[in-house]
Amino acid sequence: MLLKRLPFLLFALTAAILAQTMTSEGSEPKVGKTPENLTKQECSDCHMAYQAGFLPIRSWQAIMADLPNHFGEDASLDAATVKEIEQYLIKNAADRKGKNPRWLKAIPKDVTPMRISQFPWFRHEHGKRVNNWIKANPSVGSVSNCPACHKGADRGYFDDD
Ligand code: HEC
Ligand code: HEC
């Protein structure tokens with residue numbers, strides 16, 4: 001009796017295993033969602049996801065602590081997501097050990113920059129010529145719209161002009 005049903009049992013077993021593999025693949029976004037991907041996804045609705053290496057730890061902490069009042073917008077996220085993104089940004093921030101980017105050099109430790117675009121370094125790189133160009137091309141919006149001029153900005157390339 002059992003022997004007769006064996007093919008069916010085997011079939012059922014295989015089907016069950018297959019179904020399991022498929023459901024775990026079905027929920028794959030979670031498996032493949034690194035903190036970097038999460039940040040890119042959640043922080044690119046309104047502008048490109050700025051690279052963590054542009055701002056120091058204290059800036060990311062201040063930004064992530066006040067997402068409901070984010071540059072005049074409500075960029076709220078649930079607490080768990082905020083925590084994960086903040087950890088990623090902090091881990092890759094401009095003032096991590098061993099890093100010393102040009103843009104941080106003139107910034108006093110007790111100042112918390114909230115914008116990349118207001119670093120003296122940045123304003124030096126993006127002078128009158130860039131500002132005039134933005135005024136003449138209203139679709140750019142503002143200098144915070146990095147990809148309008150740096151085609152590889154979302155991949156971290158800025159020296160391509
Ligand atoms: C609901 C829209 C929205 C979302 C979502 C959003 N932002 Fe912003 N963000 C803005 C606006 C608007 C500005 C100001 C842009 C401007 O001045 O043109 C801004 C500016 C910034 C700046 C300063 C850019 C500069 O000028 O140097 C940083 C840094 C920043 N956002 C980080 C983040 C991070 C991190 C996240 C994800 C947790 C995020 N943003 C998600 C709307 C948003
Ligand atoms: C309206 C156009 C425009 C916008 C918007 C813009 N940039 Fe630039 N950026 C330039 C130009 C022009 C230069 C000078 C390029 C040069 O001289 O090689 C430059 C230079 C730079 C450099 C130095 C590149 C190098 O290696 O010499 C960096 C880094 C940079 N920009 C980052 C940014 C970031 C980050 C943003 C957004 C927050 C941004 N830019 C927005 C036009 C722009």
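Contact of the F158 side chain with the Q51 side chain is registered, since non-hydrogen atoms from C-beta on lie closer than 4.5 Å. Between I107 and P120, some side-chain heavy-atom pair lies under the 4.5 Å cut-off. Counting only heavy atoms from C-beta outward, the side chains of R96 and I57 approach each other to under 4.5 Å. Residues N145 and H47 fail the side-chain proximity criterion, which asks for heavy atoms closer than 4.5 Å.
When every heavy atom of C146 is checked against every heavy atom of A153, the shortest pair comes out as CB-CB, 4.0 Å. When all heavy atoms are compared, the tightest approach of S44 to A49 is CB-N, 3.9 Å. The minimum heavy-atom distance between K33 and L38, with the atom names listed, is CD-CD1, 3.7 Å.
In this structure, the separation between CD on Q41 and OG1 on T81 is 9.5 Å, given to the nearest 0.5 Å. A distance of 13.5 Å separates CD1 in I85 from NZ in K83, rounded to the nearest 0.5 Å. If you take CG on D45 and CD on E73, they are separated by 10.5 Å, rounding to the nearest 0.5 Å. Distance check, rounded to the nearest 0.5 Å: CD of E84 to CG of L89 gives 11.0 Å. A distance of 10.0 Å separates CH2 of W121 from CG of L104, quoted to the nearest 0.5 Å. Y88 OH to C43 SG: the interatomic distance, rounded to the nearest 0.5 Å, is 10.0 Å.
By the side chain to side chain contact (heavy atoms under 4.5 Å, CB included) test, D154 pairs with no residue at all, sequence neighbours left out.
Tracing side-chain contacts under 4.5 Å through hydrophobic residues (I, L, V, M, F, W, Y), one never reaches M64 starting from I90; they form parts of separate clusters. Note on L55: it clusters hydrophobically with L67, by side-chain heavy-atom contacts below 4.5 Å among ILVMFWY residues. In the hydrophobic cluster analysis, where Ile, Leu, Val, Met, Phe, Trp and Tyr join through side-chain heavy atoms closer than 4.5 angstrom, W60 is grouped together with L77.
A donor-acceptor pair under 3.5 Å links the side-chain atoms of K99 to the main chain of A93, judged by distance alone. With hydrogens and angles disregarded, a donor-acceptor distance shorter than 3.5 Å links the side chain of R58 to the backbone of V111. Under the 3.5 Å distance criterion, the side-chain polar atoms of S59 are matched with a main-chain donor or acceptor of P113. W103 places no side-chain N or O within 3.5 Å of a backbone atom of I116 that could act as its donor or acceptor partner.
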Quiz: residues 129-144 side-chain donor-acceptor pairs under 3.5 angstrom, not counting sequence neighbours:
unit_1, atom_1, unit_2, atom_2, d
N132, ND2, K128, O, 3.4
N137, ND2, W133, O, 2.7
S142, OG, S144, N, 3.1
S142, OG, S144, OG, 3.4
S144, OG, R115, NH1, 3.2

